[in-house]
Amino acid sequence: MPISVRHVEEALRQLGGEAQIGDILVKVLEIAPPPHSPNARNIIRGRLYQFSSQTSAYEEGTPDLFESVDGLAANTGRWRLKGYHAPADNSDAVLEDTEAEIEAAEGRRRLRVHLSRERSKKLIDAFKASLASFACEACGTDMGERYGSLGDGYIEAHHRVPVASLKDGETTRLSDLAALCPNCHRMIHRNDLMSVEDLAAHLRARRPSFAIAAESDKDDWLDDAPDQGD
């Protein structure tokens with residue numbers, strides 16, 4: 001059965017009135033009876049254009065059902081039902097009833113397509129096998145000491161040179177990797193890929209009793225005054 005404008009309209013209703021064209025495609029394929037055309041995405045785009053007064057494909061007298069959220073020139077692929085507006089974000093509102101429960105719908109399956117940079121499992125395995133200790137190079141934490149058998153031998157390999165910045169053909173050596181616990185690994189990526197040495201110095205300044213292995217020749221991340229109560 002051909003994909004009709006009603007299938008597209010119903011898909012947007014089920015998606016809350018506004019969605020990316022990729023999400024509309026997934027929903028339409030759930031709604032429209034098979035067989036489905038291999039050009040389903042283009043057919044859906046055609047229906048959106050045909051029934052939107054924003055486009056040159058729209059004919060006077062045709063129902064004006066859809067509109068591009070960001071404008072056609074932006075080419076973001078986000079569409080909504082005509083007249084629909086996303087609910088205002090009230091995330092900063094203070095709940096008067098402190099016992100109120102917050103609920104949200106989760107778990108809806110989405111089809112996502114993206115490119116990813118390859119990482120060498122062989123290199124990571126060789127790096128971990130070369131370690132004399134599984135202590136974090138930034139904070140000194142050994143997951144085996146902290147969690148017992150649950151954490152024995154666990155450590156994460158951090159690329160000092162981000163994989164995303166490597167050009168095709170460039171290689172990574174064992175010396176380009178650092179052994180980090182999950183917390184320190186996340187903090188480094190959260191803070192503009194600061195160096196392992198800078199994070200170690202930052203931790204040392206806050207808590208001098210830490211067993212920190214890495215050293216830093218910069219003080220960009222040092223606290224002005226270490227906590228006196230630690």
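No experiment lies behind these values; they were computed from the predicted model shown.
Here the CZ atom belonging to R45 is positioned 10.0 Å from the CG atom belonging to L25, to the nearest 0.5 angstrom. The CZ atom of F66 sits 9.5 Å away from atom CD of Q50, with the distance rounded to the nearest 0.5 Å. Atom NE2 of residue H202 and atom SG of residue C139 lie 12.0 Å apart, to the nearest 0.5 angstrom. Separating the NE2 atom in H7 from the CD atom in E10 is a distance of 9.5 Å, to the nearest 0.5 Å. Note that CZ of R186 is 12.0 Å distant from CG of N191, once rounded to the nearest 0.5 Å. Once rounded to the nearest 0.5 Å, the distance linking NZ of K121 with CD1 of I124 reads 9.5 Å.
Every residue meeting the ring pair (Phe, Tyr, Trp, His ring centres under 6.0 Å) condition with H158, not counting sequence neighbours, appears here in chain and number order: H185, H189. Partners of F127 by ring pair (Phe, Tyr, Trp, His ring centres under 6.0 Å), not counting sequence neighbours: none found.
Between the side chain of E137 and the backbone N or O of A179, at least one donor-acceptor pair lies under 3.5 Å. Remark: the backbone N or O of C136 is not paired with any side-chain donor or acceptor of T141 at under 3.5 angstrom. R47 places a side-chain N or O within donor-acceptor distance of the main-chain N or O of I3, the cut-off being under 3.5 Å. The main-chain N or O of A157 is never found under 3.5 Å from a side-chain atom of K128 such that the two would form a donor-acceptor pair.
With contacts defined as side-chain heavy-atom distances shorter than 4.5 Å, the pair V161/E170 does not qualify. The side-chain heavy atoms of R41 and I44, taken from C-beta on, include no pair separated by under 4.5 Å. Inter-residue side-chain proximity for H159 and L177 is flagged as met; some heavy-atom pair is nearer than 4.5 Å.
Here the shortest heavy-atom pairing between G144 and D142 reads N-OD1, 2.8 Å. Between E197 and R160 the shortest heavy-atom distance is OE2-NH1, 3.1 Å. Residues L123 and S120 come closest through the heavy atom pair N-OG, 3.0 Å.
A continuous path of Ile, Leu, Val, Met, Phe, Trp and Tyr side chains, each step under 4.5 Å between heavy atoms, connects L174 with I155, placing both in one hydrophobic cluster. L48 and L15 fall within a single hydrophobic cluster, where Ile, Leu, Val, Met, Phe, Trp and Tyr side chains are chained together by heavy-atom contacts under 4.5 Å. Note on L193 and L203: same hydrophobic cluster, where clusters join Ile, Leu, Val, Met, Phe, Trp and Tyr whose side-chain heavy atoms are under 4.5 Å apart, directly or indirectly. There is no path of hydrophobic side-chain contacts, each under 4.5 Å, that joins I24 to V69. Clustering ILVMFWY residues whenever any of their side-chain heavy atoms sit less than 4.5 angstrom apart, transitively, puts L72 in the very cluster that holds L65.
No more than 12 heavy atoms of other residues, nucleotides or ligands lie within 6.0 Å of CD in E59, so this atom counts as exposed by the packing criterion.
Salt-bridge formation is detected for the pair E9/R13: a Lys NZ or Arg NE/NH1/NH2 atom is positioned less than 4.0 Å from an Asp or Glu carboxylate oxygen. Between D64 and K82 there is a salt bridge, since a side-chain N of the basic residue sits under 4.0 Å from a carboxylate O of the acidic one.
For the residue pair Y58 / E60, no side-chain donor-acceptor distance below 3.5 Å is found, with atom types taken as modelled.
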- Step-by-step salt bridge (charged side-chain N to carboxylate O under 4.0 Å, His left out) determination, K122 to D125: CA-CA 5 Å; K122 182 178 179 181; D125 289 345; over 6 Å; no
